[in-house]
Amino acid sequence: MIEFTNVDKVYPNKVKALQNINLKIEKGEFVAVIGLSGAGKSTLIRCINRMHDITHGSLIVDGTDVGKIKGKEIRNFRKRIGMIFQSFNLITRTTVIKNVLVSFVPQLPFWRKMTGLFSKRHKLKALTALDQVGILDKAYVRVDQLSGGQQQRVALARTLAQNPDILLADEPIASLDPVTSKQVMDDFQRINQDMDMTVILNIHHVEVALEYADRIIGVREGQIVYDGPAHDVTEEVLDYIYKGKAEEVKQEMDEEGVYV
Amino acid sequence: MNAIEKQLYAKPRSNVYIYIISAILIGLIIGSVFVIDFESMGNSGWTIAKNILLGIVTPDLDLLLNFTTQGVMYLLLETIAIAFLGTIIGVLLAIPLAFLSASNVVPKPISWITRLLLIVIRTIPSLVYGLMLIRVTGPGPFAGVLTIAIVSIGMLAKLFVDAIEDLDTSIFESMTSIGCTTFEKIRFGIIPQLTAMFLSIGIYRFDMNLREASILGLVGAGGIGAPLIFAMNSYRWNEVGSILIGLVILILIVEIWSNNMRNKLVRG
Amino acid sequence: MFDKIFPPEKIVLPNGKTVLEKRSRTPLLFIIVLLGTFLSIRFTNFDFNVLVKRGHEFFVIINDMIPPKWDYFPSIWQPLLDTIMMSILGSTLGSLVSIPVAYLAATNMIKNKVVVMVARLFLSILRTMPTLVSALIATFIFGLGTLAGTVAIFLFTLAYVGKLLYEQIENASLDAFEAMESIGMTRVQAFRYAIFPQVLPNYLSTSLFCFEGNVRYAAILGYVGAGGIGLLLNEGLGWRDYASVGMVLLMLAITVFLIETVSEYFRKKLI
Ligand SMILES: Nc1ncnc2c1ncn2[C@@H]1O[C@H](COP(=O)(O)OP(=O)(O)OP(=O)(O)O)[C@@H](O)[C@H]1O
Ligand SMILES: [Mg+2]
């Protein structure tokens with residue numbers, strides 16, 4: 001479970017990226033965070049695995065007080081949270097399987113770290129992860145020979161191999177075409193349902209968000225302005241999130257009894 | 001000024017450059033025609049040219065296919081050994097220098113001094129190094145190895161630096177999110193990227209060094225150069241022919257191999 | 001080939017699927033490099049002890065070069081000028097002649113395979129000949145002096161620029177070329193108006209780049225009597241007059257640096 005209580009995030013350059021965030025995400029939820037560019041979506045997601053420090057408030061992830069841990073504790077904590085990026089962030093000049101194996105690096109004994117030789121057990125796990133996203137046949141192909149969608153799946157496999165409890169994704173389909181996007185989103189959905197993994201993703205494609213996510217969080221200027229089930233999101237709500245016709249929508253939502 | 005006007009005014013300017021270059025060039029060429037001394041070619045020139053061509057088309061096959069220490073094969077092998085070992089030592093020396101001159105690794109003053117040092121090392125011609133190193137090792141292939149190592153450093157280090165500054169650091173972000181330490185990021189994030197590049201650069205330089213090593217014999221630093229010059233100086237053109245044929249074939253083979261390898265390394 | 005000798009390993013996943021893992025080539029590569037190094041050490045009498053014991057001799061010479069003999073300057077500038085002029089003339093002529101040769105070596109311009117092959121073989125052989133060797137041969141034919149050096153540089157430039165040029169011609173778009181041919185131009189005319197403008201900037205930049213390298217090469221050609229500043233290097237080193245050698249090298253370094261800077265500036269403008 002992820003619980004934000006009165007969280008603020010101020011960047012060193014005084015930008016208030018998050019203000020008074022209160023949020024509770026249960027295990028196994030599929031959450032999409034939407035909002036304008038610069039609204040603070042990435043910041044929100046990156047606070048969860050401590051890629052960014054929060055300035056104020058408390059953030060508890062599966063019983064760990066994220067703001068209080070340091071050094072090695074942070075690294076151990078991060079192993080339980082997988083993260084996917086818009087630009088895939090793969091080592092393009094090596095094979096697919098080597099990229100997936102990277103997720104085992106923190107747990108290797110010293111000599112394996114030096115030689116870069118992975119055990120059979122790890123290789124099997126990596127291959128299984130690749131099988132889960134359907135690119136087992138590409139295991140020994142170099143990453144730069146894959147399409148964007150396939151590369152994002154390699155990144156997904158790398159995260160799965162980590163066997164995390166939570167999967168964070170920062171605009172995972174922003175560099176993909178619609179068809180490939182759909183395939184990758186299907187992967188996310190399957191992982192969420194089959195493995196009961198919490199999935200939180202930032203996304204600019206509202207229709208996709210509404211189609212796949214159970215819950216939508218709307219962020220505007222560092223604040224959560226909408227939080228509710230995907231099927232309750234109306235044109236007005238989107239207008240509110242993206243343009244900010246605050247009063248009208250608020251009224252409507254109060255009437256409908258949607259929580260803000 | 002809108003984009004189209006900008007475009008309009010931008011075009012003639014690049015032509016101005018071409019005119020300037022052409023004017024300078026023509027001036028220099030006219031100047032150089034006066035400097036080059038065309039008188040030196042004696043009447044015997046054509047006869048010698050004919051003899052050389054004859055020698056090359058009727059090479060001394062015994063020498064070419066001879067496997068003793070006097071034969072072309074052995075000499076080529078020695079040349080390869082000089083180039084190979086020289087390249088390896090050059091790479092080993094160039095790697096630390098490359099990191100020392102990468103401005104994103106060390107402070108500015110250090111990187112500047114290292115770069116200056118590399119420029120100086122690069123401008124001294126290989127034959128000069130050869131002659132200097134013979135004082136250290138005595139004549140022979142050993143001097144050749146050291147010469148090749150030193151002349152390679154400049155270019156190797158420069159290309160290595162480019163590779164280092166060209167690193168894709170986005171992988172760091174994801175390794176951070178996995179929980180990797182800095183050492184682990186370097187070992188599994190940087191080294192796999194660099195080895196392919198460095199290997200490819202090393203192979204490229206080996207190809208060049210082979211050519212370089214084939215002339216070091218001129219100053220007594222081993223390889224096939226010395227016998228080539230002896231043969232020329234004593235007008236034994238058949239021998240010259242067989243040495244040149246061996247050399248050209250070897251260099252062509254190595255060039256093809258090196259291009260293939262580098263394509264594989266860089267493109268996969 | 002490699003996979004036949006070391007067959008790929010079969011990995012069976014828990015769910016029964018199998019993957020073939022090719023054996024890593026790294027160990028083999030490692031062994032080859034190690035073996036090559038070992039053999040090369042044997043072949044070249046490489047001896048680390050000598051290096052440790054006598055390495056300082058190298059620096060003795062460098063020490064003698066500093067400070068350089070400043071008043072040697074008047075006798076340097078003429079050969080230095082010769083060297084530059086040799087490079088300019090050789091590079092220009094070489095670049096010019098490379099155009100027709102590259103035309104002949106481009107498969108999309110010349111349909112006759114034999115012509116293409118001969119042109120390419122010619123370029124390859126010229127390119128593999130070390131400049132110093134061609135200079136040496138040239139001194140036999142053209143006598144000692146700058147002409148021999150110019151010829152050597154000319155040949156190398158021809159080969160180098162020629163190769164890059166024919167590769168570019170082959171990559172150029174043929175649309176305009178075919179259009180011009182269809183309105184009745186000859187192939188050469190169509191080449192002149194459709195292909196050449198496409199490859200021109202790159203061609204000029206390659207030629208300039210080659211010229212930069214040629215200045216370096218030209219500096220040592222004098223060593224075999226092919227004119228230019230190499231002659232002074234040869235003399236100075238022969239007489240062990242290292243202060244003069246130092247001066248020559250200093251002038252050379254400055255010249256090469258200036259030429260590279262200027263030429264690089266123009267190359268950037270061109271592309
Ligand atoms: N490292 C940083 N240092 C300073 N300010 C930052 C930093 N990262 C983001 N910001 C600022 O914080 C605010 C929120 O940024 P964030 O990246 O979270 O937005 P986002 O919603 O993810 O936008 P996008 O959709 O463009 O990715 C922006 O105003 C941004 O300029
Ligand atoms: Mg973002």
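Each chain gets a letter, A, B and so on, in the order the sequences are listed, and its residues count up from 1.
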| For chain C, which of B:T137, B:I249, B:L244 has the most heavy-atom pairs under 4.5 Å? | B:L244

| Under a 4.5 Å cut-off applied to non-hydrogen side-chain atoms, are B:L199 and C:L29 in contact? | yes

| query | At a heavy-atom separation under 4.5 Å, does C:V33 approach chain B through its side chain, its backbone, both, or neither? | reply | both

| field | Heavy-atom contact with chain C under 4.5 Å, split by part of B:L250 | value | neither

| request: Go through B:R211, B:E78, B:R135 and name the one with the most non-hydrogen pairs under 4.5 angstrom from chain C. | output: B:R135

| field | Portion of B:L228 that has a non-hydrogen atom of chain C nearer than 4.5 angstrom | value | side chain

| query | Non-hydrogen atoms of chain C under 4.5 Å away: do they reach the side chain of B:I134, the backbone, both or neither? | reply | neither

| remark: Whatever's closer than 4.5 Å to a heavy atom in chain C on B:I82 counts as both

| message | Atom CZ of residue position C:F209 - does it have more than 12 heavy atoms of other residues, nucleotides or ligands inside 6.0 Å? | response | no

| task | Would you name the heavy atoms of C:R216 and B:T123 that are closest together and state the gap between them? | result | NH1-CA, 3.8 Å

| Structural part of C:L39 lying under 4.5 Å from a heavy atom of chain B | neither

| Close side-chain approach of C:F46 and B:I89, heavy atoms under 4.5 Å | yes

| said: Quick check on B:I26 against chain C: is it the side chain, the backbone, both or neither that has a heavy atom closer than 4.5 Å? | reply: neither

| field | Side chains of C:V133 and B:M232 in contact at under 4.5 Å (non-hydrogen atoms) | value | yes

| Quick one: what part of C:V256 sits under 4.5 Å from any heavy atom of chain B, side chain, backbone, both or neither? | side chain

| said: As an exercise: rank C:V224, C:I41, C:D47 by heavy-atom pairs under 4.5 Å with chain B and give me the winner. | reply: C:D47

| What part of B:E255 gets closer than 4.5 Å to chain C, counting heavy atoms only: side chain, backbone, both or neither? | side chain

| task | Would you indicate whether the side-chain heavy atoms of C:L132 and B:S214 approach each other to under 4.5 Å? | result | no

| Interface moiety of C:N234 toward chain B, non-hydrogen atoms closer than 4.5 Å | neither

| query | Are C:L51 and B:L146 side-chain neighbours, meaning at least one heavy-atom pair lies under 4.5 Å? | reply | yes

| Partner chain C: residue of B:I119, B:L247, B:L218 with the largest heavy-atom pair count (under 4.5 Å) | B:L218

| query | What part of C:Y217 lies closer than 4.5 angstrom to a heavy atom of chain B: side chain, backbone, both or neither? | reply | neither

| What residue, out of B:G138, B:A49, B:S126, B:P141, has the most heavy-atom pairs lying under 4.5 Å from chain C? | B:P141

| request: Return the option, out of C:L233, C:T139, C:I125, C:L136, with the maximum number of heavy-atom pairs under 4.5 Å with chain B. | output: C:L136

| remark: So, the part of B:N233 with a heavy atom under 4.5 Å from chain C: the answer is both

| task | Could you tell me which portion of C:T37 (side chain, backbone, both or neither) has an atom closer than 4.5 angstrom to a non-hydrogen atom of chain B? | result | both

| Where do C:Y223 and B:L131 come nearest, in terms of heavy atoms and distance? | OH-CD1, 3.6 Å

| field | CD1 on C:I137 to CG on B:L53, rounded to 0.5 Å | value | 9.5 Å

| task | With ring pair (Phe, Tyr, Trp, His ring centres under 6.0 Å) as the test, would you mind laying out the steps for C:F43 and B:F142 before giving the verdict? | result | CA-CA 9 Å; C:F43 246 99; B:F142 186 11; over 10 Å; no

| said: Around atom CZ of C:F156, are there more than 12 heavy atoms from other residues, nucleotides or ligands closer than 6.0 Å? | reply: yes

| query | Checking heavy atoms, do the side chain of B:L252, its backbone, both or neither come under 4.5 Å from chain C? | reply | both

| query | Are any non-hydrogen side-chain atoms of B:V136 and C:F59 less than 4.5 angstrom apart? | reply | no

| task | Check each atom of C:L93 against the heavy atoms of chain B and say whether the ones under 4.5 Å are side chain, backbone, both or neither. | result | neither

| field | Stepwise side-chain contact (heavy atoms from CB on, under 4.5 Å) test for B:M132 and C:I62 | value | CA-CA 9 Å; B:M132 281 158 73; C:I62 290 191; 3.5 Å; yes

| query | Should B:I80 and C:S40 count as side-chain neighbours, where that means a heavy-atom distance under 4.5 Å? | reply | no

| message | Check this for me: B:Y204, atom OH, are more than 12 non-hydrogen atoms of other residues, nucleotides or ligands nearer than 6.0 Å? | response | no

| chain B heavy atoms under 4.5 Å from C:R42: which part of the residue, side chain, backbone, both or neither? | neither

